[in-house]
Colleague: 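My questions all concern the structure below.
All values below were derived from every heavy atom in this structure, side-chain atoms included, with hydrogens, water molecules and symmetry-related copies excluded. Numbers for residues simply follow the sequence, beginning at 1.
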Amino acid sequence: MELDALDKLVASVFDGYIVRKDLVRKYSRQYPVPTYVVEFLLGRYCATVDEKEIEEGLEIVERQLRDRTVRTGEEELFKARAREIGSIKIIDLIKARLDTKNDCFVAELPSLGLKDVRIDDALVHENERMLTDGFYAEVTLVYDATIAQEKNGRPFAIENLRAIQLSKVDALAALQRGRSQFTTDEWKRLLIRSVGLEPDTLSERAQDIALLRMVPFVERNYNLVEIGPRGTGKSHLFQQISPYSHLISGGKATVAKMFVNNATGQRGLVCHYDVVCFDEVSGISFDQKDGVNIMKGYMASGEFSRGKESIRASGGIVMLGNFDVDVQQQQRIGHLFSPLPPEMRDDTAFMDRIHAYVPGWEFPKLNPNIHLTDHFGLVSDFLSECWHRLRDGSRVSVLQGRVNWGGALSGRDIEAVHKTVSGLIKLLFPDPEMPIPDEELEKIVRLALESRRRVKEQQKRCLKTEFRNTHFSFSMGVEGVEQFVATPELHSDETIDSDPLPPGQVWAISPGGQDASPALYRIEVTVGPGSGVKILNAPVPPAFRESVRYGEQNLYVRAKELVGDRDPRAHEFSIQLRAMDVDRLGQGLGLPVLIALCGALIERSVKGGLIIVGALNLGGSIEMIPNPVAVAELALEKGATTLLMPISSRRQLFDLPDEMATKINIEFYADVTDALLKAIID
């Protein structure tokens, strides 16, 4: 393999903490252990770019995996070896339970089929996770022939064990020091390589999804849902990368296993793992009727009550599932939570506990020859330990004075967005002292808002009366422009939706005339230093040039009443016309052009779902619309919710059929100023 620039940088900064990811895949397929176990060994013996050292290390790793992992059918061979030698070392999943008859703990080693192995109480108390669903460890197993001869004797005992996870105190400090040597883009690519994916084969969008999947590892009590096609690697991160994560595949989940066992007082998975992940979530059910309610309460507060005691835990809940149809069809036949179990899928209170909904359908199906990396990444063991330590504290304070939320976000929405922002900042900027540029913070905020809004949109589908306003927005700084964040599956640049467009953009209908039918256009204006108006279309349709001239002159003449103390003559406007129908002339668009110019200058958006109609003349008068009914029919056909028309069209619109009149709100304006006031968001 040829080292690229990122490999060389990683090798120089994180010497001793890196591993070649193609080697990991080679050995994880050969031996019956998770990826992070293989990486633990590779990180110990092969954390270098020196090919000779790697070869020597690989011999040791291969020998240990061969001699210490138990393949199916080899169980009796290992037991016999323990009897002959007295003790053996194996790598296995270790679990434990309390034997109440004999008042002692016994351990279970699944690969050997042993369920009653003696273990010292102190070892169990030091590693309580073995009392839930266990963890992988290097185990020293001894055999005592004397005890074997006793009635019901237990000859096997665990003499010692070493959990397969990093225990270095300075792990996080090393990560924080190293991060300063990378640009944000390089660091993002390194994180993605560290979980086994090749960022150069993934789109920017897919890389963002990969990052969102990591947030539950660094943020306490973080609840995430990802639904998408099969084969996109949803469960890989939660099953193979970190010993602090536990995967539950479809089936019955018990309240005792998840939360607490009332009979023994033993704490459940959410108390012992950072992330508890439900795979194939549609098949999940609880053994008790109140199981979902207990989980719902825990997801909201991080606490649950069983008996008299209230117990706090920090484990996040992740739910993964599959669509049987594509996302557009799913939205037609139901909503995006439909793959969840029946008791969860339509419960808006349950949805409210979800901090982020990851669009799994935007991640490619993984092709091992394309999407998996052969380059160096951080050893999973080291990375997962750093992620575990990053869970302490929050990074929400970064937002103070820099980001303001729009009025559509409720308290729960803000809490969810804060947690996602905090998690993404921890991943990308693990050192709290490292400055975060505005452009990077804005990307993080947009991703967090979109992930939460996707939840809100599904709540709206279930209960429209309670969740009407889903227009999530934010502004950067005190004087910042309000920016709206949409979810791509509900939003398209080619369609009119209820989200406001950015300042300077409007939907408009050319009224048409005797020879032309009404036609839909999108007008986009940007403003900068300079003077005059520049039309970007080439060639410029003469009719549109005239519309722009009328809009420009009215702006100059009426500047005081339209834009206050801003001087339009001290700015240069760039304007582009996008035709959405066959007509390309852009005739009679003077008023929409004027409102787009004003919106760009005062940095205000027009209302969502709005189409503006109006032909201006140089004096500022509004011309008659030849066929207002045809205009209204086109607006309705294009999906508008509001149509802004001159008052002179009111009488002719009496001919609009009743069923159409009830589906669109028609607002009338008297003059240019009235039109601007009614178009711009309050």
Colleague: Report the distance from atom CG of L175 to atom CD of E385, rounding to the nearest 0.5 Å.
Modeller: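 One finds 11.5 Å between CG of L175 and CD of E385.
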Colleague: Verify salt bridge (Lys or Arg N to Asp or Glu O under 4.0 Å) between D200 and R189, making sure each step is shown before the conclusion.
Modeller: CA-CA 8 Å; D200 293 345; R189 290 174 65 224; 3.1 Å; yes
Colleague: Quick one: does any side-chain atom of K21 pair with a main-chain N or O of T373 as donor and acceptor, under 3.5 Å?
Modeller: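 Not at all, since once roles are kept as given, no pair shorter than 3.5 Å links the two residues.
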Colleague: Going through the checks in order, is the side chain to side chain contact (heavy atoms under 4.5 Å, CB included) test met by D7 and V49?
Modeller: CA-CA 9 Å; D7 286 325; V49 292; over 6 Å; no
Colleague: Please evaluate residues R193 and D4 with respect to the criterion salt bridge (Lys or Arg N to Asp or Glu O under 4.0 Å), reporting the C-alpha separation (whole Å), side-chain torsions for both, the decisive distance (0.1 Å), and the verdict.
Modeller: CA-CA 13 Å; R193 280 186 177 176; D4 65 10; 2.7 Å; yes
Colleague: Which heavy-atom pair separates M344 from M295 by the least distance, and what is that distance?
Modeller: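 For M344 and M295, the tightest heavy-atom pair comes out as CE-CE, 3.7 Å.
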Colleague: Could you walk me through whether D499 and F472 pass side chain to side chain contact (heavy atoms under 4.5 Å, CB included), step by step?
Modeller: CA-CA 9 Å; D499 273 358; F472 282 12; over 6 Å; no
Colleague: Given R25 and D374, is the salt bridge (Lys or Arg N to Asp or Glu O under 4.0 Å) satisfied, shown in steps?
Modeller: CA-CA 9 Å; R25 290 198 301 279; D374 292 337; 2.6 Å; yes
Colleague: Do side-chain atoms of Y298 reach the backbone of G315 as a donor and acceptor pair under 3.5 angstrom?
Modeller: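 Yes, because the side chain of Y298 sits within donor-acceptor range (under 3.5 Å) of the backbone of G315.
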Colleague: Look at E59 together with R63 and state whether they make a salt bridge at an N to O cut-off of under 4.0 Å.
Modeller: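 Salt bridge between E59 and R63, a charged N being under 4.0 Å from a carboxylate O: no.
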Colleague: Does E439, at its CD atom, have more than 12 non-hydrogen atoms belonging to other residues, nucleotides or ligands within less than 6.0 Å?
Modeller: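 Buried by this count: over 12 neighbours within 6.0 Å.
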Colleague: Do the side chains of R44 and D381 get close enough for a salt bridge, i.e. N-O under 4.0 angstrom?
Modeller: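 Salt bridge absent between R44 and D381.
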Colleague: Heavy-atom distance under 4.5 Å between the side chains of S245 and D274, does that happen here?
Modeller: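 No; the side chains remain at least 4.5 Å from each other.
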Colleague: Is the number of heavy atoms from other residues, nucleotides or ligands under 6.0 Å of D15 CG greater than 12?
Modeller: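 It does not: D15 CG has 12 such atoms or fewer within range.
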Colleague: Taking the side chain from D92 and the backbone from S111, do they hold a donor-acceptor pair closer than 3.5 Å?
Modeller: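 Yes, D92 side chain to S111 backbone: donor-acceptor pair under 3.5 Å.
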Colleague: Hey, is the main chain of G393 close enough, under 3.5 Å, to the side chain of K426 for a donor-acceptor pair?
Modeller: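 Yes, K426 side chain to G393 backbone: donor-acceptor pair under 3.5 Å.
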Colleague: For a side chain to side chain contact (heavy atoms under 4.5 Å, CB included) check, start with the C-alpha distance between I54 and T48, then their side-chain angles and the critical distance, and finish with the verdict.
Modeller: CA-CA 7 Å; I54 288 176; T48 175; 3.8 Å; yes
Colleague: If you take all heavy atoms of G360 and P229, which pair is closest and at what distance?
Modeller: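 Distance-wise, the nearest heavy atoms are O-CD, 3.7 Å.
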Colleague: Are side-chain heavy atoms of H471 and R453 found at a separation under 4.5 Å?
Modeller: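 When only atoms from C-beta onward are counted, R453 and H471 do touch, with a gap below 4.5 Å.
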Colleague: Measure across A11 and I18 and return the closest heavy-atom pair with its distance rounded to 0.1 Å.
Modeller: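 Result for this residue pair: CA-CD1, 3.8 Å.
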Colleague: Knowing that exactly one of I436, V398, L424 qualifies, which makes a side-chain contact (heavy atoms from CB on, under 4.5 Å) with F429?
Modeller: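 Among I436, V398, L424, the one meeting side-chain contact (heavy atoms from CB on, under 4.5 Å) with F429 is I436.
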Colleague: For A416, does its backbone N or O pair with a side-chain atom of T420 as donor and acceptor, under 3.5 Å?
Modeller: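 Indeed, once roles are kept as given, a pair shorter than 3.5 Å links the two residues.
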Colleague: When rounded to the nearest 0.5 angstrom, what is the spacing between OH in Y136 and CD1 in I164?
Modeller: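 Rounded to the nearest 0.5 Å, the OH-CD1 separation comes out at 9.0 Å.
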Colleague: Pairs in or reaching into residues 353-362: which pass side chain to side chain donor-acceptor pair (under 3.5 Å), with residues at least two apart or in two chains?
Modeller: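 Sorted result for residues 353-362: R205-E362.
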Colleague: Stepwise, does the side chain to side chain contact (heavy atoms under 4.5 Å, CB included) test hold for L378 with L190?
Modeller: CA-CA 8 Å; L378 297 173; L190 174 60; 4.3 Å; yes
Colleague: I need the minimum non-hydrogen distance between S242 and S384, along with the two atoms involved.
Modeller: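 Looking at all heavy atoms of both residues, the shortest contact is OG-CB, 3.4 Å.
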Colleague: Are L427 and W387 packed together at the side-chain level, in the sense that at least one heavy-atom pair is separated by less than 4.5 angstrom?
Modeller: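 Contact flag for L427/W387 side chains = yes.
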Colleague: Any non-hydrogen side-chain atom of V455 less than 4.5 Å from a side-chain atom of F337?
Modeller: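 Sidechains of F337 and V455: in contact.
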Colleague: Regarding E219 and S422, do their side chains bring together a donor and an acceptor under 3.5 Å, going by distance alone?
Modeller: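 Yes, because at least one side-chain N or O of E219 sits under 3.5 Å from a partner of the opposite role on S422.
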Colleague: Supply the atom-to-atom distance T232 OG1 to R213 CZ, rounded to the nearest 0.5 angstrom.
Modeller: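 Result: 5.5 Å between the selected atoms.
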Colleague: If you take all heavy atoms of A300 and R412, which pair is closest and at what distance?
Modeller: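 Closest heavy-atom pair between A300 and R412: CB-NH2, 3.9 Å.
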Colleague: Among all residues two or more places apart in sequence or in another chain, which pass the ring-ring contact (aromatic ring centres under 6.0 Å, His included) test with H388?
Modeller: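 Per chain and number, H388 pairs via ring-ring contact (aromatic ring centres under 6.0 Å, His included) with Y244.
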Colleague: Does the side chain of K8 come within less than 4.5 Å of F376's, by heavy atoms?
Modeller: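 Not in contact.
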Colleague: Can you find a side-chain donor-acceptor pair between Q483 and R446 that sits under 3.5 Å?
Modeller: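 Note: Q483 and R446 side chains meet the donor-acceptor criterion.
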Colleague: Kindly compute the distance separating CD (Q459) from CD1 (I354), expressed to the nearest 0.5 Å.
Modeller: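 Here the interatomic distance stands at 9.5 Å.
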Colleague: Taking all heavy atoms of A210 and all of I192, pick out the closest pair and write down the distance.
Modeller: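 Nearest heavy atoms, A210 then I192: CB-CG1, 4.3 Å.
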Colleague: R20 and salt bridge (charged side-chain N to carboxylate O under 4.0 Å, His left out): which single residue from E53, E51, E55 fits?
Modeller: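 Considering E53, E51, E55, a salt bridge (charged side-chain N to carboxylate O under 4.0 Å, His left out) with R20 is found only for E51.
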Colleague: What class does the angle between the rings of F217 and F238 fall in, given that below 30° is parallel, 30 to 60° is tilted and above 60° is perpendicular?
Modeller: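 Aromatic pair F217/F238 classed parallel.
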Colleague: Among residues at least two apart in sequence or on other chains, which ones pass side-chain hydrogen bond (donor to acceptor under 3.5 Å, both in side chains) with K188?
Modeller: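 Per chain and number, K188 pairs via side-chain hydrogen bond (donor to acceptor under 3.5 Å, both in side chains) with E204, D208.
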Colleague: With rounding to the nearest 0.5 angstrom, report the CD to CD1 distance, Q64 to I60.
Modeller: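 Interatomic distance, Q64 CD to I60 CD1, rounded to 0.5 Å: 7.5 Å.
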Colleague: Do D413 side-chain atoms and S410 backbone N/O form a donor-acceptor pair below 3.5 Å?
Modeller: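 At least one qualifying donor-acceptor pair exists.
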Colleague: May I ask you to test the R179-D431 pair for a side-chain heavy-atom distance under 4.5 Å?
Modeller: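 Counting from C-beta outward, R179 and D431 never come under 4.5 Å.
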Colleague: Please check if the side chain of S301 supplies one atom and the backbone of E303 the other of a donor-acceptor pair under 3.5 Å.
Modeller: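 Yes; at least one donor-acceptor contact below 3.5 Å.
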Colleague: Report yes or no: does K419 contribute a side-chain atom to a donor-acceptor pair with the main-chain N or O of A356 at less than 3.5 Å?
Modeller: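 Checked: no pair found.
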Colleague: Taking 4.0 angstrom as the limit, do R267 and E128 come out as a salt bridge?
Modeller: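 Salt bridge: no.
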Colleague: Anything under 30° is parallel, anything over 60° is perpendicular, the rest tilted; go ahead and classify Y27 against Y31.
Modeller: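 Y27 and Y31: parallel rings.
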Colleague: Side chains of E482 and S475 only: does a donor on one sit below 3.5 Å from an acceptor on the other?
Modeller: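 Note: E482 and S475 side chains miss the donor-acceptor criterion.
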Colleague: Between N221 and S314, do the side chains contain an N or O donor and an N or O acceptor separated by less than 3.5 Å?
Modeller: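 Side chains of N221 and S314: no pair found under 3.5 Å.
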Colleague: Looking at E450 and T487, would you say the former's side chain and the latter's main chain have a donor-acceptor pair under 3.5 Å?
Modeller: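 Not confirmed, E450 side chain does not pair with T487 backbone.
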Colleague: Please check this pair: side chain of N127 against backbone of L123, looking for a donor-acceptor N/O pair closer than 3.5 Å.
Modeller: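 It does hold such a pair.
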Colleague: K234 and N322: side-chain donor and acceptor closer than 3.5 Å?
Modeller: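 Yes.
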Colleague: Can you check whether T183 reaches E186 side chain to side chain, under 4.5 Å on heavy atoms?
Modeller: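 They are in contact (side-chain heavy atoms under 4.5 Å apart), so the answer is yes.
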Colleague: Just verifying a value: how many Å separate N369 CG and T201 OG1, rounded to the nearest 0.5 Å?
Modeller: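 Rounded to the nearest 0.5 Å, the CG-OG1 separation comes out at 11.5 Å.
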Colleague: Surrounding NZ of K89 (heavy atoms of other residues, nucleotides or ligands, distance under 6.0 Å), is the total greater than 12?
Modeller: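 Not buried by this count: 12 neighbours or fewer within 6.0 Å.
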Colleague: Below 4.5 Å, heavy atoms only, C-beta onward: do I227 and V358 meet side chain to side chain?
Modeller: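 No, every pair of side-chain atoms sits at 4.5 Å or beyond.
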